[in-house]
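Start at 1 and go down the list; that is how both ligands and their atoms are numbered.
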Amino acid sequence: MAEKVWQKRFSQPLDPRVHDLNRSLGFDNWLAPYDLQVSTVWARALNRCGLLSEKDLKAILQGLKDIGAEFEQGEFELHEADEDIHMAIERRLGELIGEPARRLHHGRSRNDQVATDLRLYALDHAGKIRQALREVITALVELAGEHTGTPFPGHTHLQQAQVLSLGHLLLAHAWSLKSDNEFLDRVKQVTSVCPLGSAALGGSTAPVDREWIASELGFAAPSDNSVEAVASRDFVMDLLYGLSRTGVHLSRLAEDFILWNSQEFGFVTLADTVATGSSLLAHKKNPDMFELIRGKSGRLVGNHTGFLATVKGLPSGYNKDLQEDKEPLFDSVDTVLQLLPALEVTLRGVTFNVERIAAQLSPYLKAERIVQYLTGRGVAFREAYGIAGSLVKEAESQAVALEDLPVKVFQKASPSFEEDILTVLESDWEIPAEGVMGGSNRKSVEQQLKQLRDWIKR
Ligand code: ARG
């Protein structure tokens with residue numbers, strides 16, 4: 001195995017089993033484009049403060065560019081002896097340009113290097129995820145726009161509670177995902193701090209211009225404390241949390257659709273392009289996409305909580321434990337970036353079975369109308385509520401709908417009832433045109449659609 005850069009400090013080579021555990025190259029090659037970007041700016045920063053000649057700078061920049069092309073073409077070779085992506089790139093740079101490559105790491109440590117690389121990765125991918133969320137929200141808004149006036153059973157305790165506009169219910173999911181999108185924007189803000197120039201932990205010995213470095217790399221500012229800069233993975237925790245909360249929201253959405261797709265509900269039909277069959281039961285058509293979304297949210301939560309446990313208890317400064325930041329982060333990012341487009345296309349393949357939904361509305365949901373009728377005639381709410389409850393009990397014991405009870409039963413329950421109560425109860429469900437802001441009335445749903453459409457365009 002090739003010699004380690006630090007081998008001169010040691011009298012014996014590293015045991016291969018220890019090397020295997022130490023090595024992060026199996027997963028950190030994701031960082032290659034960011035590492036090349038960071039090294040490019042670092043070389044220029046050294047040149048600006050007189051630590052690297054124009055000639056060496058030119059050679060380094062060309063070498064880094066060539067390495068970038070090798071990665072793009074899938075030609076970059078990882079060597080068994082390379083410890084991580086940073087050492088692999090340094091090794092390759094040496095092979096390509098020789099001596100100047102040995103000047104690049106002046107005043108820098110892998111500690112500030114990896115922290116900077118990973119922040120760039122996080123910023124880039126948080127942006128990609130925000131865009132993918134926006135597309136799912138768009139699909140939800142389009143579906144909701146078709147159903148602003150569709151009466152739908154709203155559940156609490158998984159019991160039919162109130163008739164809602166289906167559009168309103170679908171938008172509830174859109175709002176949750178919008179809040180995830182905005183959370184990720186806040187994560188981007190806290191991530192946009194540049195550790196480069198912090199070196200191992202005490203700050204670089206090279207008199208580099210850290211403001212310039214930060215701005216060249218697109219960060220909002222350089223970090224304020226070198227010890228914190230190399231040891232902090234707050235941005236990883238925040239991004240993992242952002243992705244786990246997204247996962248939780250996606251899972252709840254998926255659960256709604258899984259229920260609605262069951263024979264018992266029968267509220268939705270999935271397009272053949274987004275459902276799957278069974279290897280044994282010939283009639284099956286399964287909502288696997290929604291189940292996988294629900295299932296994979298588990299690992300998003302696990303990656304977040306697992307990483308909190310990794311960081312808890314670490315002493316100040318960089319510790320190798322921090323190398324464990326990458327796999328959970330990359331896994332969560334990849335998972336969410338896989339789920340969101342699949343969800344978008346699945347939502348576009350959903351049809352709501354409006355007649356079946358109407359037929360499944362419990363007749364006793366109309367108890368709300370009785371309460372409104374009575375309070376409209378001056379009966380105190382609690383009184384009206386009790387009367388409505390007793391009428392539901394009566395209708396249920398006779399296994400009939402409320403409007404099938406004779407008027408005299410109503411009038412026995414309260415003298416405020418007149419004949420017209422039956423007309424009130426018989427009419428079909430309609431989503432009211434007006435009502436409280438943020439409620440399930442058409443005006444509010446239209447208002448929400450407008451807000452979300454404007455937001456999507458921004
Ligand atoms: N591969 C390492 C990581 O991911 C890079 C930093 C190594 N630093 C060190 N002092 N050994 O964290």
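At least one test fails for R119 against the ring of F219: distance under 6.0 Å to the centre or angle within 45° of the axis.
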Can you give each donor-acceptor pair under 3.5 Å made by side-chain atoms of residues 198-206, sequence neighbours left out, with the distance rounded to 0.1 Å?
from : atom 1 : to   : atom 2 : distance (Å)
S198 : OG     : P195 : O      : 2.6
S204 : OG     : G107 : O      : 2.7
S204 : OG     : A206 : N      : 3.0

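In this structure, CG on N353 lies 3.5 Å from OG1 on T269, to the nearest 0.5 angstrom.
Salt-bridge annotation for D454 and K457: present, with a side-chain N of the basic residue lying under 4.0 Å from a carboxylate O of the acidic one. We find that E83 and K320 are joined by a salt bridge, their nearest charged nitrogen and carboxylate oxygen being less than 4.0 Å apart.
More than 12 heavy atoms of other residues, nucleotides or ligands lie within 6.0 Å of NZ in K285, so this atom counts as buried by the packing criterion.
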Output block, N or O contacts of ligand 1, threshold 3.5 Å exclusive:
from     : atom 1 : to   : atom 2 : distance (Å)
ligand 1 : 1 (N)  : S24  : OG     : 3.3
ligand 1 : 1 (N)  : D84  : OD2    : 2.9
ligand 1 : 1 (N)  : Q323 : OE1    : 2.7
ligand 1 : 4 (O)  : K326 : NZ     : 2.5
ligand 1 : 8 (N)  : N111 : OD1    : 2.9
ligand 1 : 10 (N) : N111 : OD1    : 3.0
ligand 1 : 12 (O) : Y318 : OH     : 2.4

